[in-house]
Amino acid sequence: MRDGFGREITYLRMSVTELCNLRCRYCMPAEGVHKRRHEEMLTQEETLLALRVAAELGMRKLRITGGEPLVKRNIVAICEGAAMIPGIEEIGLTTNGTLLPKLAKPLKEAGVSRLNISLDTLDEKKYAWMTRLGSLDMALKGIEAALEAGFARVKLNAVLIGGFNDDEIRPLAQLSARWPVDVRFIELMPMPDGAPFGPEAYIPCDRVVEALPELEPLPGGDGVARLYRLPGGQGRVGLISPLSDNFCGWCNRLRLTADGRVKPCLHSPAEFSIKGLDREGMRRQFLAACAAKPEQHPLLSYAHRSAANRSMNRIGG
Ligand code: SAM
Ligand code: SF4
């Protein structure tokens, strides 16, 4: 599938639930989300049919996300089903990590090869404050479980937030020396429903390069990330800059929400529903979403909020 700007669309980010066991301030309101009726959400059969259609249209890479995908009762079965679909070459999953001690091995056995684990701070009190419900210890145990399970690649994602973790750039980056993991810093995006952070919270990824002058740039990139390595590092340090360095020219994604909407862009309100449709209907909606991909998302900054019509947990970050 090619969009109207010649980009080949090969990557599907699929949210399997809007629910989460945490309430990160940049992602969700404190009260969580209103639990939707079962009938409004994609069933396991619809999810796997949608993946089959997406694979037939040329999607090769799948990332499963949420909400928190590991709170989904049938997550292992969904991953197993996805792994059996011809054309899907790689399955990754993004998680807050807290449920990995129980699920890392079954997910690996089901065919997930890559894990992204969110970790914004190494300070227990700050972790508890930002996630409202989580404990740092649970997240660290999850990372250890992921490393023991032997995933092909484990990445730790830290949302860079001025006044919160910009004093932890070095210890977070050093996790790529302590463990064979990539550490990626992501600029905070002004999403709807995220807690109102002030302008000082929106800091560019260049701040990471300033804090770590010894970073060695690596050639090429990894998707939307600029890559570096700390001297002696086992893993890499990645910078993802949706605000300061627009990477839409490289975009190869569509998104599928847990209630069955194909989204052409994270920051657009456009949606194409596949809920209740048969194979041909789903195919048409995927093609329509691909054709509707904008050339790039509008400027994002503290003053310019995302035009997305949903909070991050309801889109799938
Ligand atoms: N629950 C899982 C997790 O936390 O990794 C998966 C879903 S979460 C929405 C996916 C990613 O989006 C996480 O790495 C999270 O930090 C990131 N995220 C959420 N809100 C964000 C925001 N406003 N700006 C930048 N990243 C955000
Ligand atoms: Fe949950 Fe992930 Fe959102 Fe945090 S970022 S509230 S863990 S969905």
Side-chain angles (χ1 to χ4, degrees), residues 20-30 65 68 94-98 100 115-144 146 154-179 181-191 193-215 222 224-230 233-245 300-302 305-306 311-313 317:
C20 187
N21 56 343
L22 305 184
R23 300 278 182 274
C24 302
R25 289 172 190 267
Y26 47 69
C27 176
M28 263 210 205
T65 179
E68 173 49 45
T94 301
T95 170
N96 61 39
T98 56
L100 281 174
L115 273 190
N116 288 3
I117 305 175
S118 300
L119 183 71
D120 302 329
T121 174
L122 290 168
D123 179 301
E124 238 170 84
K125 286 204 182 86
K126 286 190 336 187
Y127 188 93
W129 179 81
M130 183 58 86
T131 63
R132 295 186 177 111
L133 297 176
S135 87
L136 177 65
D137 187 49
M138 283 160 67
L140 294 178
K141 288 203 169 96
I143 296 171
E144 281 163 13
V154 175
K155 295 178 183 170
L156 305 183
N157 285 346
V159 179
L160 196 54
I161 303 172
F164 175 71
N165 61 5
D166 49 338
D167 59 342
E168 290 189 76
I169 290 173
R170 181 168 291 279
L172 283 167
Q174 277 171 339
L175 296 177
S176 68
R178 174 169 155 198
W179 289 317
V181 298
D182 288 357
V183 174
R184 306 191 317 163
F185 292 94
I186 304 171
E187 288 173 359
L188 175 66
M189 293 182 280
M191 302 302 290
D193 274 359
F197 288 96
E200 68 289 349
Y202 295 87
I203 55 174
C205 274
D206 283 352
R207 202 69 70 78
V208 175
V209 183
E210 284 162 28
L212 303 170
E214 72 272 38
L215 275 181
D222 179 18
V224 295
R226 278 183 284 151
L227 292 177
Y228 299 82
R229 194 184 294 280
L230 280 176
Q234 302 189 59
R236 305 167 299 181
V237 174
L239 305 183
I240 303 180
S241 318
L243 277 69
S244 67
D245 184 14
L300 294 174
S301 70
Y302 167 66
R305 297 195 83 76
S306 168
S311 52
M312 204 56 164
N313 65 295

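This one's a predicted model, so the numbers in the text were calculated from it and none came from an experiment.
Of the inter-residue distances, the one linking Arg184 atom CZ with Leu119 atom CG reads 13.5 Å to the nearest 0.5 angstrom. Interatomic distance, Asn165 CG to Met130 CE, rounded to the nearest 0.5 Å: 7.0 Å. Atom CH2 in Trp179 sits 12.5 Å away from atom CD in Gln174 (nearest 0.5 Å). With rounding to the nearest 0.5 angstrom, the CD atom of Glu68 is 9.5 Å from the OG1 atom of Thr94. Distance OG1/Thr131 to CH2/Trp129: 10.5 Å, rounded to 0.5 Å. Atom CG of Asp137 sits about 11.5 Å away from atom OG1 of Thr98, to the nearest 0.5 Å.
For Leu175 against Leu156, the heavy-atom pair with the smallest separation is CD1-CD1, 3.8 Å. Looking at every heavy atom in both residues, Lys125 comes nearest to Asp123 through N-OD1, 2.9 Å. For Lys126 against Phe164, the heavy-atom pair with the smallest separation is NZ-O, 2.6 Å. The heavy-atom pair separating Tyr127 from Ala139 by the smallest distance is OH-CB, 3.5 Å. Minimum interatomic distance between Pro204 and Leu160 (heavy atoms only, all atoms of both residues): O-CD2, 3.8 Å. Minimum interatomic distance between Cys20 and Met28 (heavy atoms only, all atoms of both residues): CB-CE, 3.2 Å.
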side-chain hydrogen bond (donor to acceptor under 3.5 Å, both in side chains), that's the test. Do Ser176 and Gln234 meet it? Break it down for me. CA-CA 6 Å; Ser176 68; Gln234 302 189 59; over 6 Å; no

Show the numbers, then the answer: is there a side-chain hydrogen bond (donor to acceptor under 3.5 Å, both in side chains) between Ser244 and Glu187? CA-CA 8 Å; Ser244 67; Glu187 288 173 359; 2.5 Å; yes

Would you sort out whether Asn116 and Thr95 count as a side chain to side chain contact (heavy atoms under 4.5 Å, CB included), showing the intermediate values? CA-CA 6 Å; Asn116 288 3; Thr95 170; over 6 Å; no

Apply salt bridge (charged side-chain N to carboxylate O under 4.0 Å, His left out) to Arg226 and Asp206, showing your working. CA-CA 11 Å; Arg226 278 183 284 151; Asp206 283 352; 3.6 Å; yes

From CA spacing to verdict: side chain to side chain contact (heavy atoms under 4.5 Å, CB included), Tyr228, Val208: CA-CA 11 Å; Tyr228 299 82; Val208 175; over 6 Å; no

Hey, mind stepping through Phe185 and Arg207 against side chain to side chain contact (heavy atoms under 4.5 Å, CB included) and telling me if it holds? CA-CA 10 Å; Phe185 292 94; Arg207 202 69 70 78; over 6 Å; no

Set out, in order, the CA-CA distance, both residues' side-chain angles and the distance that settles side chain to side chain contact (heavy atoms under 4.5 Å, CB included) for Ile203 and Asp166, then state yes or no. CA-CA 9 Å; Ile203 55 174; Asp166 49 338; 3.7 Å; yes

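Of the candidates Asn96, Leu100, Asn157, Ile117 forms a side chain to side chain contact (heavy atoms under 4.5 Å, CB included) with just one, namely Leu100.
Put simply, the side chain of Leu215 reaches to within 4.5 Å of the side chain of Val237, judged on heavy atoms. Counting heavy atoms from C-beta outward, Leu172 and Leu122 have side chains that approach closer than 4.5 Å.
Side-chain atoms of Glu124 and Ser135 form no donor-acceptor pair, as typed in the model, at a separation below 3.5 Å. Side chain to side chain, Asp120 and Tyr26 meet the donor-acceptor criterion of an N or O pair below 3.5 Å.
Side chain of Asp182 to main chain of Arg236: a donor-acceptor pair is present (N/O by atom type, distance under 3.5 Å, no hydrogens or angles). No donor-acceptor pair closer than 3.5 Å links the side chain of Ser241 to the backbone N or O of Leu243.
Remark: Arg170 engages Glu214 in a salt bridge, criterion side-chain N to carboxylate O under 4.0 Å.
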